[in-house]
Amino acid sequence: MRVGFKMKQHWKILLWLIAGVVVGFALQRFTDGPGTVGVRFDPQPVVVDGVPVGIRVDALEQDLLPKGRKASEGLQVGDVVKRITVNAGMDDEKGAEVTSTEALTEFLEQRGAGGVATVELVSGEKRSALVALDPQSTRARWLAPFKFIADIFMRLLKMLIMPLVVTSIVTGVAGLGGGSDFGRMGGRTFGYYATTSFLAVGLGMLLVNILQPGIGARLGISPDADFGQRSENWLDILRRMVPENAFNAFTGNGNMLQVIFFSLLFGFFITKVAEKPRNFMLDLFGSAFAVVMRMASWVMLLVPYGVFCLLVKVVGETGFDVFKPLGAYMLTVMLALIIHSCVILPLLLKVVGGVSPLKWVRAMSPALMTAFSTSSSSMTLPTTLNTLEKRGGVSNRTSSFVAPLGATVNMDGTALYECIGVVFLAQYYASAGDFVLSFSAQVTVVMAAFLASIGAAGIPSAGLVMMLTILSALKLPLEGAALLLAVDRPLDMCRTVVNVWSDTVGTAIIASKEGETGLGNGAVADST
Ligand code: ASP
């Protein structure tokens, strides 16, 4: 069937992406967010000297008070609440400052809807009450269909990750023949990953030290933390790379390094067996790879609509207000991401690879927009491979080796983000409390951020989880990272774009070193 008007895929995705932001924002503005049951609060925070200090209790639902307690033992209407801890037992880290109702609902969402809470008032008194999210908000109802489609889209992408990684790496490595080609391509690929990751870490360090976003920041977390005790062994990342049971490694999307390790070896040793099994294996994996790539092209058709629903969901749930207190931190991360992706990587692409950055970014745009909306390099991999081959004109031999490895191992955006996040919190603790951010601590951050970017899985928020290990290594409290969680999604979207952009730049550079020509020309021809 002919369609009268065919728009180029990248414009189509961009249009749906923008539409998703607009619809998400409208839903966030014009529908009611999740309120609370048990205790209802005044949506306007109580402000003293221009600073929000807490939220006022508007109404209490008597029958929802914890069993056996009278209303008089709990909160009273008019009390101003400053801090809340849900189902904590002895663990005080599970609490949060609640200077706005948005902060409260976000905290409750993280804590799985809420429950019996210890509530600290501005006056310092402590009370107990039942505070839980009201599941029946109009916003939740509006967002539900978008969430449903977004989930299906993400599942389709996730479904393809494991088969793609295995078949592409095995065919990629086996196709190199195990001899000098393998050594050369492997050397170049890892050389590129290491160089760009260190450049990213260096840039992050430089900017966070110049701009110092953490000094004097108002984070609402206690600066008098106990800077103690936990430590983590960095060799663990290397150890965990080697699977104890190869088949177990294939069963979850979180074991990507193990899968890569096994697939690299498997592909390499295909080249070392007799001709008959070698040809059989090459045929088998080559055919499987071709089939999975066809499936990926099919999923590609859904990208614009998937992207739309994902953005409605993300923007609709969080809105833009959460950004305010962490503005300086976010700006530092964004600035570093922009310099790395718009200056450093294009220079490398032009000078080392001889490819026009403008042409290349245009060719790669479907992959970059998918990265932006999924926040996951791994979920973007089907699109990345498809885009590299169809629009980038990169040979299957190169892209199937470089891109799947890059999706897990090469994360420049994550690397610089780790540095900035950790040093930002360290600056806060150093300026407001007793923490000392020594030079050796900064060196630890550099090394740890590099390793964390390798070890992080290509899934949403993986970078933030890895940050916990670096904070532990510096003996900084983990509470800080929980605070950064509030603004992690938008930063994650942007750093994932940089991660994927770096993978594609690396692929182009290596392809051109392998003698491939016409890179990036495919985008002009594409009109699907
Ligand atoms: N979401 C990022 C990615 O998949 C990883 C991160 O959280 O930094 O590339």
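For ligands, and for the atoms within them, numbers begin at 1 and follow the listed sequence. In this text, all values refer to a predicted model and were calculated from it rather than measured experimentally. Residue numbers run from 1 in the order of the sequence given.
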When the side chains of residues 331-351 are checked against the rest of the protein, which donor-acceptor pairs come out under 3.5 Å, sequence neighbours left out?
unit_1 : atom_1 : unit_2 : atom_2 : d
Thr332 : OG1    : Ala328 : O      : 2.7
His340 : NE2    : Asp412 : OD2    : 2.9
Ser341 : OG     : Leu337 : O      : 2.7

For ligand 1, run through the N/O pairs with the protein that fall under 3.5 Å and put one pair on each line.
unit_1   : atom_1 : unit_2 : atom_2 : d
ligand 1 : 1 (N)  : Ser375 : O      : 2.9
ligand 1 : 1 (N)  : Ile459 : O      : 3.1
ligand 1 : 1 (N)  : Asp492 : OD1    : 2.7
ligand 1 : 1 (N)  : Thr496 : OG1    : 3.2
ligand 1 : 4 (O)  : Ser377 : N      : 2.8
ligand 1 : 4 (O)  : Ser377 : OG     : 3.3
ligand 1 : 4 (O)  : Gly458 : O      : 3.3
ligand 1 : 4 (O)  : Ile459 : N      : 3.4
ligand 1 : 7 (O)  : Ala462 : N      : 3.1
ligand 1 : 7 (O)  : Gly463 : N      : 2.7
ligand 1 : 7 (O)  : Asp492 : OD1    : 3.3
ligand 1 : 7 (O)  : Arg495 : NH2    : 2.9
ligand 1 : 8 (O)  : Thr414 : OG1    : 2.6
ligand 1 : 8 (O)  : Arg495 : NE     : 2.6
ligand 1 : 8 (O)  : Arg495 : NH2    : 3.4
ligand 1 : 9 (O)  : Ser377 : OG     : 2.4
ligand 1 : 9 (O)  : Asn499 : ND2    : 2.8

Which residues share a salt bridge (Lys or Arg N to Asp or Glu O under 4.0 Å) with Arg188, sequence neighbours left out: Glu514
- prompt: For the side chain of Ser461 and the backbone of Leu464, is there at least one donor-acceptor N/O pair under 3.5 Å apart?
  reply: no
- prompt: Hey, would you say the Phe450 and Phe198 ring centroids sit under 6.0 Å apart?
  reply: yes
message: Please enumerate all residues that pass side chain to side chain contact (heavy atoms under 4.5 Å, CB included) together with Ser375, with sequence neighbours excluded.
response: Pro460, Arg489, Asp492, Met493, Thr496
query: Does Ile215 reach the side chain of Tyr428, with side-chain heavy atoms less than 4.5 Å apart?
result: no
